[in-house]
Amino acid sequence: MSDPGGAETKAADQADAATITPLDQVLWSVLTGDTALAPFSRAWLALLCRMLPGAERAVLVLRQDGALTPAARWPEGDPGSAQLSHVAELALTERRGVVSRARGRGGRVDDSRPAHLGFPLLIDGEEQGVIAVECEGVTDASLRDAMRQLQWGASWIELRQRRARAAGDGARLRQGYAALEVAATALGAERFDAAARATATEIALRVGASRVAIGWLHRRSIRIAGLSHAVGSGKRADATVNLAAAMEEAVDQGASLLFPIPGEEPLPSLAAHARLASRGGGPNVLTVPLTMHDRITGAITVEREAPIDQETIDLTEAIAALVGPILGQFRQSERWLSTIALHIVARTARQVLGPEHYVLKLSVGIVAATIAFFALFHTEYHVGAQAVVEGEVRRTIAAGLDGYIGGEHARAGQVVHQGDVLATLDDTELTLQRLRWMATRQQHQLELDKALGTGTRAEVNIAGSQVAEANAEIALLDAQLARTKIVAPFDGLITNGDLSQSVGMPVQRAQVLFEIAPLDTYRVIVRVPDSEIARVEPGSTGTLVLSALPDQHFGLHVVRVTPIAEQSDGNNTFRVEARLDETSPRLRPNMEGVAKLNAGQHLLIWSWTHHLLDAIRLFLWSWWP
């Protein structure tokens, strides 16, 4: 039994074989050959449309130089249609195959109107293009077959793009290896000139040049630093002058320059290159700028007999990108310190005066304003020192006789008034002696009265002398009893003295028991460091702030400067006596604080730095021979 389906398939294959035309063979040869992108795209689109049923027109859009542009149209010269463009954009947006068919009334498909297909070309997830086809008189089944053909045919485009990308990556890889080897040659040198000569020679060997020169920018002009196959750069003879002129031409334009440009007339901007080509080492000249930190620092000039192709240009630019910073580091390491300082100043000035670098501009402005403020602003200079408040009069109260402490009525820190009893001495023995002498006086008085009545003149004199002696002893004892009461001589504050733990203890005559200072008159003792004493003199004014009264400022004026230094807390200080301009009930003797004495108008920067400058001046003087 025969197979009708098999017979039909065989007949169809024979019919397809019979329809292969010479045009198809030409298109397939272009498709499989190593051709450029444009003919490949036209051949591929033509073959695809010849296999699609009912294909009327098509367009292939590919990404070239970063933008999507039509690479081929079928038939060639066809302007396309708005619906075809819409389908292509829809396929790119949705990143999938799209079929668009016209519909009539009731939503039914209108087979009399063309259908449109769109399929995106995605390579590694990136949109690399789109194919859009317009078909006439096709069924839904035919459209499905056409979409499969688009999907299968897109693999040719992907393969072509991957091969082109691989070829480009391979070329760039080879260029990178060559550039790294040239950079390694430069790094192997010890000095800048040797590195420039070695680099020029290596570039000449890589690109087959008759001569390669490397120039370096020095004070806005190019100096030839190295020539290929040469021991040194030599003097600026005609050859080096022409090379430097060609390099300056490229540096001024800030781009790589090629002479002659294929298919174009010589440009006026290549005059130096034209002169070099007529007198140099070859009719073809290429100059590539050297850069470091985004600044042009020199140039490489290649002279060759053979025409300079794009591969040579790319290789030279890759070498320049790597070698420029290396040669720049060599150059910077060989500069004088003064040159480095001038370079830093010039670079900073360019950054400050040029565009961008806003943070640096702001910082420089703040520093300049601060320096100007400190350098021009005058202020009152103050000599600061530790100070203590003392009573202007300080009375010492001592024991008037030998005895024992009988009682204590005041102690240090208390305010007392004139006549207040501060302490008492034991008066028991003195009182007993006074009573005895009073009895003795009474007896002698009786004897005196008797002698006056009956006695002789001698007896009267003797009795009178005894009465006088008794009165003297009583007066002496009264005086001593008065001294047993220690009283305040004036209103004031007890600054020293506490007998609360000494009741019953013996005391000696002239032994200090209390110290009292008045409450209305004070003096301030300022301990000025010896480095500042020359700026303080009698009559100087100032301000006092006490630790106990930080919220109140007291004016003062200097009365006396003691010309004798004292040791205080390991520092050498002078004792300066001052008077307060006004007092306060809150003041107490022995309060401590900080006094600032006015020492005249000075620059603010001097006020902050003169201590350091004086120390440096003294140190240098001490070590100067």
Side-chain angles (χ1 to χ4, degrees), residues 389-523 525 577 588-590:
V389 176
E390 295 182 354
E392 186 174 1
V393 178
R394 185 170 59 178
R395 180 71 59 85
T396 298
I397 302 177
L401 70 165
D402 296 337
Y404 297 89
I405 302 297
E408 175 264 338
H409 303 282
R411 64 183 64 179
Q414 289 185 356
V415 177
V416 295
H417 301 283
Q418 184 177 3
D420 288 350
V421 178
L422 307 180
T424 57
L425 301 180
D426 187 6
D427 60 354
T428 303
E429 183 177 353
L430 294 175
T431 302
L432 291 176
Q433 290 181 8
R434 187 177 185 279
L435 290 175
R436 187 186 64 185
W437 278 104
M438 289 183 67
T440 301
R441 185 183 65 175
Q442 185 175 4
Q443 181 181 355
H444 290 318
Q445 185 65 41
L446 292 175
E447 293 177 355
L448 177 60
D449 293 341
K450 182 177 180 181
L452 288 174
T454 62
T456 64
R457 189 176 186 87
E459 292 176 349
V460 172
N461 291 335
I462 293 172
S465 298
Q466 291 175 342
V467 172
E469 179 185 5
N471 288 331
E473 290 293 339
I474 292 172
L476 176 62
L477 290 173
D478 288 339
Q480 291 178 344
L481 286 171
R483 292 179 183 178
T484 60
K485 293 183 179 181
I486 311 300
V487 297
F490 52 78
D491 295 347
L493 175 71
I494 300 177
T495 60
N496 188 19
D498 184 0
L499 304 180
S500 60
Q501 304 295 325
S502 302
V503 175
M505 298 293 293
V507 293
Q508 296 178 351
R509 186 175 184 178
Q511 180 178 341
V512 176
L513 301 180
F514 297 97
E515 290 182 0
I516 299 179
L519 294 174
D520 54 351
T521 56
Y522 296 94
R523 67 178 178 179
I525 303 302
E577 183 177 336
R588 292 293 183 270
N590 296 330

Looking at Leu446, is its backbone amide N or carbonyl O close enough to the side chain of Asp449 to form a donor-acceptor pair, meaning the two atoms are under 3.5 Å apart?
no
Report yes if the side chains of Val507 and Ile405 come closer than 4.5 Å at any heavy-atom pair, otherwise no.
yes
For a quick test of your reading: what N or O donor-acceptor pairs under 3.5 Å do the side chains of residues 460-468 make, sequence neighbours left out?
| residue | atom | partner | partner atom | Å |
| --- | --- | --- | --- | --- |
| Asn461 | ND2 | Arg457 | O | 3.4 |
| Ser465 | OG | Asn461 | O | 2.9 |
| Gln466 | OE1 | His444 | ND1 | 2.8 |

Nearest 0.5 Å please: distance from the OG1 atom of Thr431 over to the CG atom of Leu477.
9.0 Å
Output all residues satisfying side-chain hydrogen bond (donor to acceptor under 3.5 Å, both in side chains) with Arg523, sequence neighbours left out; order by chain, then residue number.
Glu390
side-chain hydrogen bond (donor to acceptor under 3.5 Å, both in side chains) partners for Glu577, two or more places apart:
Arg560, Arg579
Using the test salt bridge (charged side-chain N to carboxylate O under 4.0 Å, His left out), find all partners of Asp478 that sit at least two apart in sequence or belong to another chain.
Arg434
Heavy-atom pair with the smallest gap, counting every atom of Phe514 and Ala423
CE1-CB, 3.9 Å
Quick one: pull up CD in Gln480 and CG in Leu430 and give me the separation to the nearest 0.5 Å.
5.5 Å
Nearest 0.5 Å please: distance from the CG atom of Leu481 over to the CG atom of Leu425.
10.5 Å
Could you grab the distance from atom CG of Asn590 to atom OH of Tyr522, nearest 0.5 Å is fine?
10.5 Å
For Arg441, all residues meeting salt bridge (charged side-chain N to carboxylate O under 4.0 Å, His left out), sequence neighbours excluded:
none
Taking only residues two or more places apart in sequence or in another chain, which ones pass side-chain hydrogen bond (donor to acceptor under 3.5 Å, both in side chains) with Asp402?
none
Donor-acceptor contact below 3.5 Å, side chain Gln443 vs main chain Thr440:
no
Residues in side-chain contact (heavy atoms from CB on, under 4.5 Å) contact with Arg411, at least two apart in sequence or another chain
Glu408, Gln414, Asp498, Ser500
If I take atom CZ from residue Arg483 and atom CG from residue Leu401, how far apart are they, to the nearest 0.5 angstrom?
7.0 Å
Those residues that, when tested against Glu447, pass salt bridge (charged side-chain N to carboxylate O under 4.0 Å, His left out) (two or more places apart)
none
Using salt bridge (charged side-chain N to carboxylate O under 4.0 Å, His left out) as the criterion, list what pairs up with Glu429, not counting sequence neighbours.
none
Would you please name every residue forming a side-chain contact (heavy atoms from CB on, under 4.5 Å) with Pro489, sequence neighbours left out?
Arg395, Ile397, Ile516
Inter-residue atom distance Leu422.CG - Ile494.CD1, 0.5 Å rounding:
5.0 Å
Any chance CD of Gln511 has more than 12 other-residue heavy atoms, nucleotides or ligands included, within less than 6.0 Å?
yes
